[in-house]
Amino acid sequence: MRFFRTLLAVLALTATTTACASSIKGWIVATRVHQGDVAASSGSYKDAALAYQLALQISPQDAHARAGLIETQMQVAEGLYRTSKFDDALAALTSAAKYDPQNARVAELRSEVEQAKIKRLIVLSNYPTYKENALVLRTAYENLTLLNKRILTELTAFSYTYDTENLNRAIRDSYELEQEVARNRRRLVAYRELVESGVPANEASGSLAPPASVLPLP
């Protein structure tokens, strides 16, 4: 009789302990998921992904954590893709695919990143100086923004000075802006020709440096 009472007491204690452990486990998962949601809502996708991963380590089937991790890893991958960190982007997508192998969005972005990676290898092998020329183009277009701001400044000044000299300067800057737009357009065309074929169709069409290789792209 004493044995049965002892056994019942042990079973009751085990059940209580199990229930308590389960409650603690649920609280930890819920806390991690909440942390992930808060981080994701503020755009801190890496922190959010980490929080969801910690939740999934405890409860691998938690639907909220799985969906959150997939979405945040997609966001992380897109950010890495935009900065040309292709391998890191693919690693993030692999993490997302682990929890949803059939996810069409993950597969589509993976394909896009892989294609960009291949294209970059082709461009680098045929046209190693493309980065330098890209920087020249970006700087040229930033200068257009500065010109436009100068025109707006003169127009704003005229609104209270009523001095036509402000308009004269705005007109001069507008002519310069128009010429720079046309010049940059020619540069873009020349740049595209260099990247696509390895040699410009018309070497006089722009001021970009000649390619380091004349091998055609595959």
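Every heavy atom of this structure was used, including side-chain atoms; hydrogens, water molecules and symmetry mates were not.
Connection of Ile171 to Leu144 is not established within any shared hydrophobic cluster, with ILVMFWY side chains joined at heavy-atom distances below 4.5 Å, either directly or through further cluster members. Cluster annotation: Val33 and Ile24 are assigned to the same hydrophobic cluster (Ile/Leu/Val/Met/Phe/Trp/Tyr, side-chain heavy-atom contacts under 4.5 Å, transitive). Hydrophobic clustering, with ILVMFWY side chains joined whenever heavy atoms are under 4.5 angstrom apart, groups Ile151 together with Phe158. Both Leu90 and Ile70 belong to a common hydrophobic cluster when Ile, Leu, Val, Met, Phe, Trp and Tyr are linked at side-chain heavy-atom distances under 4.5 angstrom. There is no path of hydrophobic side-chain contacts, each under 4.5 Å, that joins Leu50 to Tyr45.
Counting only heavy atoms from C-beta outward, the side chains of Arg110 and Thr94 approach each other to under 4.5 Å. In this structure, the side chains of Asn148 and Leu177 come closer than 4.5 Å at one or more pairs of heavy atoms. For the pair Lys117 and Ser84, the minimum side-chain heavy-atom distance is 4.5 Å or more. At least one side-chain heavy atom of Glu180 sits under 4.5 Å from a side-chain heavy atom of Leu147.
No donor-acceptor distance shorter than 3.5 angstrom exists from the side chain of Asp163 to the backbone of Asn166, with no hydrogens or angles considered.
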Please assess Gln115 against Ser111 for the test side-chain hydrogen bond (donor to acceptor under 3.5 Å, both in side chains), listing each intermediate value before the final yes or no.
CA-CA 6 Å; Gln115 289 179 25; Ser111 176; 3.2 Å; yes

Show your reasoning for whether salt bridge (Lys or Arg N to Asp or Glu O under 4.0 Å) applies to Glu165 and Arg172.
CA-CA 11 Å; Glu165 185 56 34; Arg172 286 196 297 270; 3.5 Å; yes

Can you list the steps and then say if Glu114 with Lys119 is a side-chain contact (heavy atoms from CB on, under 4.5 Å)?
CA-CA 9 Å; Glu114 289 174 342; Lys119 289 177 181 177; over 6 Å; no

Mind running side-chain contact (heavy atoms from CB on, under 4.5 Å) on Arg187 and Asn184 for me, showing each step along the way?
CA-CA 5 Å; Arg187 288 172 173 170; Asn184 288 347; 3.1 Å; yes

Please test Thr153 against Arg169 for side-chain hydrogen bond (donor to acceptor under 3.5 Å, both in side chains), starting from the C-alpha separation and ending with a verdict.
CA-CA 10 Å; Thr153 298; Arg169 284 193 288 267; over 6 Å; no

Please walk me through it: do Asp37 and Tyr52 pass side-chain hydrogen bond (donor to acceptor under 3.5 Å, both in side chains)?
CA-CA 9 Å; Asp37 291 345; Tyr52 292 132; 2.4 Å; yes

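Once rounded to the nearest 0.5 Å, the distance linking CG of Leu167 with CD of Glu154 reads 8.5 Å. How far CD1 of Ile28 is from CD of Gln57: 11.5 Å, rounded to the nearest 0.5 Å. One distance of note links NE2 of His34 with CH2 of Trp27; it measures 11.5 Å at 0.5 Å rounding. Rounded to the nearest 0.5 Å, atoms CD (Glu176) and CZ (Arg183) are 8.5 Å apart. Going from atom CD1 of Ile118 over to atom CZ of Arg120 covers 11.5 Å, rounded to the nearest 0.5 Å. For the atom pair Leu188 CG and Glu193 CD, the distance stands at 11.0 Å (nearest 0.5 Å).
Scanning both residues, Ala49 and Leu69, for their nearest heavy atoms gives O-CD1, 3.5 Å. Leu109 and Ala77 get closest at one heavy-atom pair: CD2-CB, 4.0 Å. The two residues Ala96 and Val106 come nearest to each other via the heavy atoms CB-CG2, 4.1 Å. Closest approach of Ala89 to Tyr81, counting heavy atoms only: CB-N, 4.0 Å. Closest approach of Pro60 to Arg66, counting heavy atoms only: O-NH1, 3.0 Å. Asp62 approaches Leu56 most closely through the heavy-atom pair O-CD2, 3.9 Å.
Between Arg105 and Glu71, at least one side-chain N (NZ, or NE/NH1/NH2) sits under 4.0 Å from a carboxylate O, which counts as a salt bridge.
Scored by the side-chain contact (heavy atoms from CB on, under 4.5 Å) test, Ala182 finds Arg185, Arg186 as partners (sequence neighbours excluded).
Atom CD of Glu178 has 12 or fewer neighbouring heavy atoms from other residues, nucleotides or ligands inside a 6.0 Å radius.
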